[in-house]
Structure formats: C-alpha cells, structure tokens
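A quick write-up on the structure given underneath.
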Amino acid sequence: MIFAPFCGISQEKKPKVALVLSGGGAKGIAHISTLQRLDSLGIVPDLIVGTSMGSVVGGLYAMGYSGDSIAALSKHTDWKVLFGGAVGIKDVSNEEKSEFGKYLLSFEIDDGKPKPILSFINDQNLREFFSIYTLPVFDIDNFDELPIPYRAIATDIVNGKEVVLSGGSLGTTMRASMSIPGVFSPIKQDDALLVDGGVLNNFPTDVAKNMGADIIIGSDVGGGMQPIEKLDNITTILFQTAMLSSNLKSPENAKMCDIFIDHVPNLTYSTADFERSTEIYEQGKLAVDKNIDKLVELSLKLKKFKQRKHQLPIVPNELFIDTIEFKGVSQQNMSIVKSRVNLKLKQNYTMQDLIGGVHRAMGTNLFDEIYFSPFAYNDKMGLRIEGVEKARHQVKTAIHFSSHRGAGIIVNYTGRNIFGNSSRFLVSLDIAQQPRARIQYQKNFGEEKKWWWRTETYGQNLDQDVYFEGELASGLKNTYFIADTEFNRNLNSLRSYVGLGMDYNYSKLKSAFASDPGEDQLLLKYYKYRAFDIYAQASFNTLNKVFYATKGTAANVKVSRPLLHEAEIATIHPVEDVLKGSTNGYTKLTTEFEQRFRVNEKVTAILGFSTGFTFIDELKQDQVSFVGYGYGGYYFLGGSIMSPRKSNFVFPGLNEDELAATQFMMAELGLQYNLASKLYLTPHINIASVGFAEFDEYIKHAFSPSGNWEENLETSAFFSAGITTSYNSIIGPIDFDISYVNGIDKVRFFVGVGIQFNRSN
C-alpha cells in the first residue's frame, strides 16, 4: 500500500494532496496528461507548486482550467508567434513603418553608456497571452484564494536566493518563474530581479513538503544532470552549468514523491521543441499510464472526503473600465500613447479591444515592451498599462550586398524626443564604395496626434550605369540629392494617411573621363537637373510582414507638379557645348498597388500594378524640351530591390535604373512558395508598357505597344519572367533571382544579401 505513512491519520481529516510540476521548457507540455488523469479520477489537489513551464501549466490549472482545456489551449497555440517577440508591421504606426524591421542589430544608449541587452526574446506576445488567460482571476492577488492554492518558484539573482511566489498578478508570476536567463528579461520585484526558478529548484517538492503536504504527486520532465554523451554542444553545456545547483537537488526532491511520474525516459524532444508540442503531449501519457494503479488507489482513498471545487471563475465577454493607469510611460510620450491606446473610461471593452489598444501603443516604436493587466479596486475594474520605454538614443546597424551596388554597412542613429515631444530624429549612413546618407526629422502633433510632419534630406554618390536605347553608357558618376518636407494626416493610425508635401531634388551625371571617353562612352561632360515639386499623396498599407508578406494590401497614389524644372547639359564632341534652361512644365500622376493573399498554407499569390504618367505642358519658346532633356525627372524601371529614390520602380531582369521613361504601366504576378520555415521560391512575371514621349502620344499605343526600344524610343512592351529563391536569414533576406527580359533579349542574375538601404516610405 503506497499511502502507509498516512494510515494513522484520522478518517475525519483529509490528507493534504500536493501536485508538484517541474520545469523543462517545451517538455512541460507532458504535464498536461497528468492533469487530465487527475480530472478523470476525481483527484483535486489541495496545493500546486510549479517551476518554470510547470508554473505555467500549474497556474492555469490552479485558477480553474481543466486538463482538457489546457490540452486544447496547447494544441491551438501558435508557439512560434507566442515566442516571436513584439508586434508585427501591421500594428506599427504609419509614420514608423519606414524604419520598422530594417536593422540587424541595435543597442540603446542610457546615461552615455550602452544599455545591456538582457534577453534574446521579446516577451510582448507572451505577456499578452498571460493577460488574456488569467483574466478570470484578475481580482485575486493572494494565491491561497485561487480554486487550488498555488505557489511558483523563481530565483532572485540580486540576493542569490530562491523565492516562493504566493501572491500578486498570476500572469506576472508565471512569467517570472519561466524567465530563463539570457532568453527572457528578468522581472523586477521591489529590490529583486527574478529569473527562472529552475536555476535553484527545478522540482520543488521540498516546498510542498514544507507547506504541510501529506501526499505529493510529482510530475518531472527536467531529468536532472545530463550524461557526458549529451553534453556535446555549447547550448547544453551552458544550460547544465546554469542548472547545476538545481539538478544536484532534484534526485533528493524526487524521493519525497508518493507518486512519482517520471516523464524523462519517454521524452525525445528538447526544451525548445515547442513546435513538437503534440508529440510531447502524447509522450506524456506513457509515464502517467505507468502510474495508473497508484493514482486509482489515491482516488479511492479520497472519495470519502469532500474535495475542493475545481472550476474556472466566470468573466463577462466585455469589461467595464472605470480607470486606466499608465506605468513606465514618460511625460514626453504620454500624449501619443494615450491617443494610440484610445480607450475611454466608463465604457465596455472586449479583450481584443484591449489588445488592439496596446498593439497600437507598441506600434509607436517607443517601447521595448508594453502590456496590460486588469485590476480590482473598490469593487470596480481598472486597467494598468505598463511599458518599458526604449532609450532616447539608439544605434542600429545592418550589412548588405547586392549585385547592383556592392557591399555596405548601414549605421543608424535614432533620437527620440530630442527636439520636442513626440518627435524622432535619425541619421542613416550607408558606408560603402558607393555611399548614401539620409537625415530625417519627424514630429506628431495635434490633440490626438493624427497629424505628422516629416522633413528629410537624402543623398547618394553612385557609379551609375546609364542606358540609352538599351545600350550601356558607362563611365558616369551619379550624384542625387533630395530635400523633402511633407505634412500628413492619419485616417487610421496603422494603415492609411493622406498628405501634402514639397521637395527639391537635384540630379547630376558627370563623366569619369577628363577628355575623349572613346566610342563606347556617352559623349557627355555633365548633365544636371533640378526641380522643386509640390505634391499630394495618399497611402494604404495592411501587409503583415516586412519581408515575404503573406497577406495584406499596399497602395500609394501621388500627384506632383514642379514649380522649378531646369536642365543643363554639357557635351564633349566635337567641341564643348552647353545647353541650359527650363523645361516645359509637367504634372506627374503615380500609383502603386500590391495585393497578397494566401492560396493555401504554403502558397501566397502576389498581384501588383504600378503606373506613372507625365502630363507635359506645351513647349514655350524660351524652354528646352522635357522629353529630350528632362532625364532627371523621368521614371526609372529596373532592379530587383526597391531603391531609395521615389521615382524608381522594381522590374526584375533589368539593371537598376536601366529603363528611363516618361510614361509607364506595369503589372506583376507571382506565387510565393514557402518551401521550409524560412525558405521561399517565387516564380514571377512582370509586364510593362513604356512610353518616352507625351501622354497623349503614349496612350494611343499603351495597350498595343509595338515599338522597338533598341532602335527608336516609341511605346514599347517589356516582358520579364523569372524565379527568385529566398532565405529569410538572421542578417536579413538573401535573394537570388534569375530573369529573362524580352526588351533586351538577355537573361540576368541578381544577388541580394541583407537589409538594403531603401526608400523611407
């Protein structure tokens, strides 16, 4: 008889049954089988003690979730998303999308010193998960008042001791207990920093014994010390070193169990294998079944006693919020955070409403993390929104290579609220053989921060390949500069805005040759073009990812009119000749549209089109022809990646800026196959109708172009077919494209590595 030590207990006194769940990361999913068996036998513990993943499973069970409901939760949880960090680009404010996800590494500067990175994983999604599923007990801060009394184990790394957590926010408690050092950031509590309880006590049966447990059911997935043959990589060695004290203690703690459910011999997956949750769950049944006789015996013993009522408290579908508290939000950022959260007092909100508000606040890019937790006060409900702000000074970097522009290192400085509240100042440098730079200032204003102003200067100095009638004219240096100011109003802070702007742009092509360049070179000393434009624009963006989006729409419309439009050209042969003057005026209408939607789990369809039309005024006597000399104001097609210049458009198979035109219509069709976790294969077709003259002449032949681009500049059709192989690596996208273009009758290859220096919006 396994319960012989309790034979002397009065029949009137129920033995105190404790359930102890060890830590073990993904392996902790095996605990769920233990819970389901307890439910089926009618065994309700009087105490639950858990560490790390055991504290999560145990905490949910203690608050009233059944074993079956926890199993369903585990099955339907997207673990990749849960541990995937912060919000995605679809939740980022319009004015912040241009800088979101564009850098490989970043660090913050606090008080003049680099701020250490305390974690590998951003826990934004994980905290929201806990906020949602612990909502039924938001008003309980003493864990003895839960349906089943509960304790979680954490480690205080400031004072070097084990901490038994018995109250407070249940979600924060579970999060603290599973804070694996270096993986998750520590949880601050008074003068302590709490990390994973498994560092000192991964299988805390001793805690249950000290709390008066008469019968201990222990479910262990940790396994203690790993043998030498498994210590074959740096990860397992570091993990064993960090858990050394706890692992030495676990065998003695296991001896305290009256029913010891040892999952370790049956588990074939690691602590990080959450994508194998279904298999781990099935493996968890084996050790439980091995102990079925002991569990049945305990069940029969407990039938004579009244047991606890194990039931999840009922919560309404909507929450009535009486007050909202903000913590960790500076005064400089308070107004924009409140406007983005956009939750009013004395109103009902669903959990999705609350999550949406927090996501919009996170989308300001002001926080490393921000989360919410309901709380009770005076029989009312409050909402606490707590954030961890990024430092005012941030430095970011990325590396890149492309077969168009070579290699480079991007270095970015971003300053928050340096020049006024709700503002951002940044300097980005592309340190490369062909350097580029951007300086930008933007500020949100208005009572609800729906308005934003951005001023930017961008410059580049490139070895430019210029193409005339399909033939390369090499040996040119390209200098391009733009100063742009725009005022925009968000229609929806996350996806749409309209605005007005003005910009000054300057282009210069200069021969690299001091004298006769030779027959194969352009007979040009220099070409200059300057324009001062005013414009109106509208933008809409719901794409769900920065790279390799699987759903959403992106659309932009822009109408511009230059007030200044001057060209200057100096030729070399037969003698130096300079032509200078204003071109005839023009109005440009530009549209871009892209739609992505899932065909199935692995395939995403890509549909897109772009247009660029130039409506050219009648040529006056003192002007030079825009068609003939307005090259700097043309549209440019070519390349496989977006260029920083706003007049450039991707057309695979052509080199960057290879095709300059006054008019174009272009369509794209692609299928993005997700072959493996981060590996993609994208066959694509691009079709363009391109014109080199005025709109009226172009539109006559736009849908039946028959011109031969290489022989004369008439309306021409371009067709590109190719396939791109991509890998979304830790340093950014790696793309290899091979495309054929009919207009030049060539097959071209493109290689791009890393995060490229591209346009700001």
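Predicted, not measured: the structure shown is a model, and the values here were computed from it. Below, each value reflects all heavy atoms present in this structure, side chains not excepted, and no hydrogens, waters or symmetry copies.
The structure places CD1 of Ile215 at 12.5 Å from CG of Leu19, a figure rounded to the nearest 0.5 Å. Here the straight-line distance linking atom CZ of Phe593 with atom CZ of Phe540 works out to 9.0 Å at 0.5 Å rounding. Atom CD1 of Ile370 and atom CE of Met362 lie 8.0 Å apart (nearest 0.5 Å).
No side-chain heavy atom of Lys27 sits less than 4.5 Å from a side-chain heavy atom of His263. Contact check for Thr77 versus Lys75: no side-chain heavy atoms found under the 4.5 Å cut-off. At least one side-chain heavy atom of Ser98 sits under 4.5 Å from a side-chain heavy atom of Arg454. Side-chain contact between Lys449 and Ser335 is present, with heavy atoms from C-beta onward closer than 4.5 Å.
A pairwise comparison of heavy atoms in Ile261 and Asn291 identifies CA-ND2, 3.9 Å as the closest pair. Taking each heavy atom of Glu389 and Asp368 in turn, the nearest pair found is O-OD2, 4.0 Å. Between Ala287 and Asn266, the shortest heavy-atom distance links the atoms N-ND2, 3.5 Å. When all heavy atoms of Thr604 and Ala549 are compared, the pair lying nearest together is CG2-O, 3.9 Å. Phe375 and Leu383 get closest at one heavy-atom pair: CE2-N, 3.5 Å.
Taking the six-membered ring where the residue is Trp, Trp451 and Phe445 present parallel rings, their angle staying beneath 30° rather than reaching 60°.
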Open item on the list: I'd like to know whether Arg489 forms a salt bridge (Lys or Arg N to Asp or Glu O under 4.0 Å) with Glu95, so could you lay out the CA-CA distance, the side-chain angles of the two residues, the decisive distance to 0.1 Å, and finally the verdict.
Closed with: CA-CA 10 Å; Arg489 186 188 189 279; Glu95 63 272 24; over 6 Å; no
TODO: Give the intermediate values and the outcome of side-chain hydrogen bond (donor to acceptor under 3.5 Å, both in side chains) for residues Asp39 and Ser66.
DONE: CA-CA 7 Å; Asp39 288 345; Ser66 67; 4.7 Å; no
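Residues Lys285 and Glu282 are paired through a salt bridge, judged by an N-O separation under 4.0 Å between the basic side chain and the carboxylate.
Under the 6.0 Å distance and 45° angle rule, Arg127 counts as a cation-pi partner of Tyr371.
Using a 3.5 Å distance cut-off with no hydrogens or angles, the side chains of Ser422 and Asn333 do not pair a donor with an acceptor. Using a 3.5 Å distance cut-off with no hydrogens or angles, the side chains of Ser493 and Asn490 do not pair a donor with an acceptor. For the residue pair Ser339/Glu448, the side-chain donor-acceptor check at 3.5 Å is not satisfied. No side-chain N or O of Gln283 forms a donor-acceptor pair with one of Glu279 less than 3.5 Å apart.
Listed by first and then second residue, the salt bridge (charged side-chain N to carboxylate O under 4.0 Å, His left out) pairs that reach into residues 318-331 are Asp322-Lys346, Glu325-Arg384, sequence neighbours excluded. Sorted by first and then second residue, the salt bridge (charged side-chain N to carboxylate O under 4.0 Å, His left out) pairs with a member in residues 348-361 form an empty list; sequence neighbours excluded. Judged as a ring-ring contact (aromatic ring centres under 6.0 Å, His included), not a single pair has a partner in residues 329-351 (not counting sequence neighbours). Evaluation of the side chain to side chain donor-acceptor pair (under 3.5 Å) test over residues 44-54, restricted to residues two or more places apart or in two chains, returns Lys14-Asp46, Ser52-Asp196.
Under the rule for a ring pair (Phe, Tyr, Trp, His ring centres under 6.0 Å), the partners of His310 that lie at least two apart in sequence or sit in another chain are Tyr61. Applying the ring pair (Phe, Tyr, Trp, His ring centres under 6.0 Å) criterion to Tyr548, with sequence neighbours excluded, gives Tyr680.
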